[in-house]
Peer 1: 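First the structure, which I've put down as C-alpha cells, then a few questions once you've had a look.
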Amino acid sequence: MSRAVGALGLSRDARLRHTSEIQAVFQQGRREERRAFVLLWVPRGGPARAGFAVSRQIRGAVRRNRARRRLRAAYRGLGPAKLRGVDAVFVARAWALEVPLDELRDEMASAHAAASRNAGE
C-alpha cells in the first residue's frame with residue numbers, strides 16, 4: 001500500500017489523481033443517479049479508485065468544497081463495502097450539502113451495490 005495523504009485521507013492507490021483518468025470515466029462510464037450525487041464508473045482490474053467532482057451549478061467555492069468533503073467522508077465511512085475493480089467518480093448535487101452524513105453513506109452504499117452488480121456482468 002502506498003503512503004496515505006493523512007490519517008483520514010485516501011491512499012494514492014485509492015484515488016483517481018489525473019485529469020485524464022477522471023475524463024475517461026466521464027466519457028466511458030456508466031451511471032447510477034441518486035438524489036445527492038451521480039456515480040459514474042467503469043470496470044477495471046485491481047483495487048477500486050475514486051474521484052470526487054462538483055459542478056459549478058452549486059454556487060460558491062465554499063459550498064462546492066463542503067460538498068466534495070462530505071462525499072469523501074461518506075466514501076471513507078463505507079469501509080469494507082467499497083467497490084472493487086472499478087474507477088468511480090462521484091459528482092455532487094446540491095442535496096449532498098443538506099442530507100445527514102449517515103443517509104449520504106447509505107445512498108453511496110446502495111449505488112455501490114448497484115454498480116458492483118453491473119460490473120460483474
Peer 1: May I have the step-by-step check of side-chain contact (heavy atoms from CB on, under 4.5 Å) for R93 and I58, ending in yes or no?
Peer 2: CA-CA 7 Å; R93 290 181 165 169; I58 295 178; 5.7 Å; no

Peer 1: Kindly indicate, with the supporting measurements, whether the criterion side-chain contact (heavy atoms from CB on, under 4.5 Å) is fulfilled by L39 and R34.
Peer 2: CA-CA 8 Å; L39 170 62; R34 297 295 187 265; over 6 Å; no

Peer 1: Is there side-chain contact between V54 and R68, with heavy atoms separated by less than 4.5 Å?
Peer 2: yes

Peer 1: Decide yes or no for L71 and F37: does some side-chain heavy atom of the first lie under 4.5 Å from some side-chain heavy atom of the second?
Peer 2: yes

Peer 1: Do R35 and E107 come within less than 4.5 Å of each other through their side chains, counting heavy atoms only?
Peer 2: yes

Peer 1: Do you know the tightest heavy-atom contact between L104 and A36?
Peer 2: CD1-CB, 3.5 Å

Peer 1: List the atom of A67, the atom of L97, and the distance in Å for their closest heavy-atom pair.
Peer 2: N-CD2, 3.5 Å

Peer 1: Quick one, R59 and R64 - any side-chain contact, counting heavy atoms below 4.5 Å?
Peer 2: no

Peer 1: Applying a strict under-4.5 Å side-chain criterion to I, L, V, M, F, W and Y, I'd like to know whether L40 and L16 cluster together.
Peer 2: yes

Peer 1: Considering only heavy atoms from C-beta outward, does the side chain of V89 approach that of D87 to under 4.5 Å?
Peer 2: no

Peer 1: Do E21 and R49 have side chains that approach each other closer than 4.5 Å (heavy atoms only, starting at C-beta)?
Peer 2: yes

Peer 1: Go through the steps to decide whether E33 and R31 satisfy the test salt bridge (Lys or Arg N to Asp or Glu O under 4.0 Å), and finish with yes or no.
Peer 2: CA-CA 6 Å; E33 295 192 22; R31 59 192 297 140; 3.1 Å; yes

Peer 1: In the single-linkage hydrophobic clustering (I, L, V, M, F, W, Y; side-chain heavy atoms under 4.5 Å), do I22 and V42 co-cluster?
Peer 2: yes

Peer 1: Are L78 and R105 close enough that some pair of their side-chain heavy atoms sits under 4.5 Å apart?
Peer 2: yes

Peer 1: To the nearest 0.5 Å, what is the distance between CD on E98 and CZ on R70?
Peer 2: 8.5 Å

Peer 1: Would you say V25 and V38 are hydrophobically clustered, going by side-chain heavy atoms of ILVMFWY under 4.5 Å?
Peer 2: yes

Peer 1: Among W41, Y75, F26, whose ring-ring contact (aromatic ring centres under 6.0 Å, His included) with F90 holds?
Peer 2: Y75

